[in-house]
Structures are given as C-alpha cells and as structure tokens.
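Throughout, residue positions are numbered sequentially from 1 according to the sequence presented. Heavy-atom basis, side chains included; hydrogens, waters and symmetry copies ignored. Quick caveat: nothing in here was measured; it's all calculated off a predicted structure.
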Amino acid sequence: MEKNKMLYPAWRAFKDNFLLLPAGLCFLYFFMSISYNSIYVAQIWIWLVAGGFFLCLYLWKRFQPETLAAHKWYRVIRITLRSVFLAFTAFFLVMECFIVANLFPSEDGDLDYIIILGAK
C-alpha cells in the first residue's frame, strides 16, 4: 500500500498534463522539420496546427471552471470531440495498414524505369 501512495502523485501529475506530451512532440517535429528542410514545405504546417490543437485542449481542460462541466451542452461537446478524435484515429490506422500491406510488391516485374515521388 505504501508504494501505491508514493506513485499516486506522479501518476496524477501525468494524468493532468498528458496532453502536453503530444503537443510538445508535434512542436518538436515541426521545428526539426524546418531546420532540416525549409519553411516552404507545405505539409510541415500540419504539425504546428496539431501541436496548437493539443495545447488548446490542454488549456481548456486545465483552466475550465467546474460549473462549466456540469452543463449538458459541455458533455455533448466533449462526446462529439472524443468521437471525432476516435474516428480520425481509426481512419489513420486503417490507412497505415493499407500502406504497410502494400509496401512490398507481390511480384517482381521486369521494369524499365521507376518514378520516385517527392525525391526533390
């Protein structure tokens, strides 16, 4: 029992601040991509938007008044946001499964040329 009491504050701190982890990783990836490529790559901006999204969710969760959580519309918004997040995660996982499944061609054809997209 003593061990659980010692671990609880650390778990509580992690649980209260877990949204800072994906926000920080998104911002870190954004700045690393800028330093490696350049700021003019169009797809890099999604990481800045995703980091801002997670940061806004953290701030919303951290600083919301307790009376706000009691309203019915707040529960509807929370359930809607969770549903959208789960749908996006499921879509992402299905697309990644398709990509990994077709990563290696099943037959070794006699090709005259190869087109490599995004190779600059």
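- Clustering of Ile, Leu, Val, Met, Phe, Trp and Tyr by side-chain heavy atoms under 4.5 Å joins Met32 with Leu28.
- Under the 4.5 angstrom side-chain criterion for Ile, Leu, Val, Met, Phe, Trp and Tyr, Val100 has no cluster partners at all.
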Enumerate, atom names and distances included, each donor-acceptor pair closer than 3.5 Å involving a side-chain atom of residues 79-97, sequence neighbours excluded.
| from | atom 1 | to | atom 2 | distance (Å) |
| --- | --- | --- | --- | --- |
| Thr80 | OG1 | Val76 | O | 2.7 |
| Ser83 | OG | Ile79 | O | 2.8 |
| Thr89 | OG1 | Phe85 | O | 2.8 |

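- Every residue meeting the side chain to side chain contact (heavy atoms under 4.5 Å, CB included) condition with Leu48, not counting sequence neighbours, appears here in chain and number order: Phe27, Phe30, Trp45.
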With a cut-off of 3.5 Å and sequence neighbours excluded, list every side-chain donor-acceptor pair involving residues 51-59.
| from | atom 1 | to | atom 2 | distance (Å) |
| --- | --- | --- | --- | --- |
| Tyr58 | OH | Asn17 | OD1 | 3.1 |
| Tyr58 | OH | Arg62 | NE | 3.4 |

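- Cluster annotation: Val49 and Leu19 are assigned to distinct hydrophobic clusters (Ile/Leu/Val/Met/Phe/Trp/Tyr, side-chain heavy-atom contacts under 4.5 Å, transitive).
- Grouping Ile, Leu, Val, Met, Phe, Trp and Tyr residues whose side-chain heavy atoms lie under 4.5 Å apart, directly or via other members, places Leu21 in a hydrophobic cluster with Leu25.
- Applying the ring pair (Phe, Tyr, Trp, His ring centres under 6.0 Å) criterion to Tyr29, with sequence neighbours excluded, gives Trp47.
- Both Phe31 and Ile44 are members of a single hydrophobic cluster when ILVMFWY side chains are connected at heavy-atom separations under 4.5 Å.
- Side chains of Arg78 and Trp60 form no contact here, defined as non-hydrogen atoms less than 4.5 Å apart.
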